[in-house]
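To keep things clear, I will list the structure first and then write my remarks on it.
Along the sequence shown, residues are numbered consecutively beginning with 1. Everything numeric here is computed off the predicted structure, so don't read it as measured data. Side-chain atoms are counted along with the backbone in the values below, which use heavy atoms only and exclude waters and symmetry mates.
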Amino acid sequence: MKMPFEAVVAQHGATVLRVVRAVVGHSDADDAWSDTFLAALKAYPQLPVGANVEAWLVTIAHRKAIDITRAAARRAIPVADTPDSPAGERADGHDLDLDAAVGALPPKQRHAVAYHYLAGLPYAEIATILDSSVDAARRAAADGIATLRRTYPLLDNARNHHGLD
């Protein structure tokens with residue numbers, strides 16, 4: 001028997017939010033999260049009992065993130081006056097430097113890192129989402145983490161805080 005959809009949101013909502021933040025950034029994360037769960041709500045009745053709900057949601061989130069990324073690429077982005085210095089740690093506790101470092105990864109690496117290290121998905125499921133092989137998904141995640149270790153000097157401290165072990 002399937003759990004009520006509200007329980008699915010409660011159980012997997014935070015994971016989906018972490019994934020979409022890593023893929024589309026903080027500014028579009030709420031939209032991607034909402035789009036993911038709206039689509040999931042419509043499709044949930046057809047989801048087979050025993051399916052991996054988390055992997056299913058991450059797949060939907062991946063597609064919604066791609067849609068948002070494509071839409072953003074088609075519109076102009078207004079820029080206000082920028083501050084003289086960047087903000088450090090955000091009020092909500094997320095490290096903007098780490099977010100920027102993850103956001104700067106090539107898309108396949110960024111997605112593999114988000115799906116494996118933030119959502120905890122196995123490489124076989126990541127390969128399905130990214131339409132690649134298991135080895136390619138594993139390599140993309142490893143390359144992404146290696147790049148983060150080189151470009152984000154505090155990664156060793158952030159690994160425990162952000163789940164990047």
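The shortest non-hydrogen separation linking T15 to A119 is CG2-CA, 3.5 Å. Scanning all heavy atoms of the two residues, the minimum distance from A136 to K108 falls at CB-NZ, 4.0 Å. Of all non-hydrogen atoms in R18 and L118, the two that sit nearest each other are NH2-O, 3.4 Å. Taking all atoms of both residues into account, the shortest heavy-atom contact from A141 to A112 is N-CB, 3.6 Å. Counting all heavy atoms, side chain and backbone alike, A137 lies closest to I126 at CB-CG2, 3.8 Å. Here the shortest heavy-atom pairing between K2 and V49 reads CG-CG2, 4.1 Å.
Hydrophobic clustering (ILVMFWY, side-chain heavy atoms < 4.5 Å, transitive): L38 and Y44 are in distinct clusters. Both L47 and L57 are part of a single hydrophobic cluster, where members link through side-chain heavy atoms under 4.5 Å apart. I66 and L17 fall into different hydrophobic clusters, defined by Ile, Leu, Val, Met, Phe, Trp and Tyr side-chain heavy atoms under 4.5 Å apart, directly or through other members.
A distance of 6.0 Å separates CG in L105 from OG1 in T147, rounded to the nearest 0.5 Å. One finds the CZ atom of F37 at 8.0 Å from the NE2 atom of H12 (value rounded to the nearest 0.5 Å). Within the model, atoms NE2 of H62 and CG of D131 stand 8.5 Å from one another, a figure rounded to the nearest 0.5 Å. Atoms CD and OG1, from E54 and T59 in turn, are 10.5 Å apart once rounded to the nearest 0.5 Å.
Of the possible polar contacts, none joining the R21 side chain to the H26 backbone as a donor-acceptor pair under 3.5 Å is found. Remark: the backbone N or O of A124 is paired with a side-chain donor or acceptor of T128 at under 3.5 angstrom. With hydrogens and angles ignored, the 3.5 Å screen pairs a side-chain donor or acceptor of R110 with a backbone N or O of V23. A donor-acceptor distance shorter than 3.5 angstrom exists from the side chain of W33 to the backbone of G13, with no hydrogens or angles considered.
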message: Run D67 and D35 through side-chain contact (heavy atoms from CB on, under 4.5 Å) and show every step you take.
response: CA-CA 10 Å; D67 292 347; D35 290 350; over 6 Å; no
- prompt: Given the rule in the side-chain contact (heavy atoms from CB on, under 4.5 Å) test, do K64 and V20 qualify, once you have shown the distances and angles that lead to the verdict?
  reply: CA-CA 9 Å; K64 295 303 176 182; V20 296; over 6 Å; no
message: Under the criterion side-chain contact (heavy atoms from CB on, under 4.5 Å), I'd like the reasoning laid out for Y115 against L130: C-alpha separation, chi angles, the key distance, then a yes or no.
response: CA-CA 10 Å; Y115 302 155; L130 297 179; 4.0 Å; yes
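A salt bridge links R139 and D143; the closest N-O separation between the charged side-chain nitrogens and carboxylate oxygens is under 4.0 Å.
For the pair I129 and L121, the minimum side-chain heavy-atom distance is below 4.5 Å.
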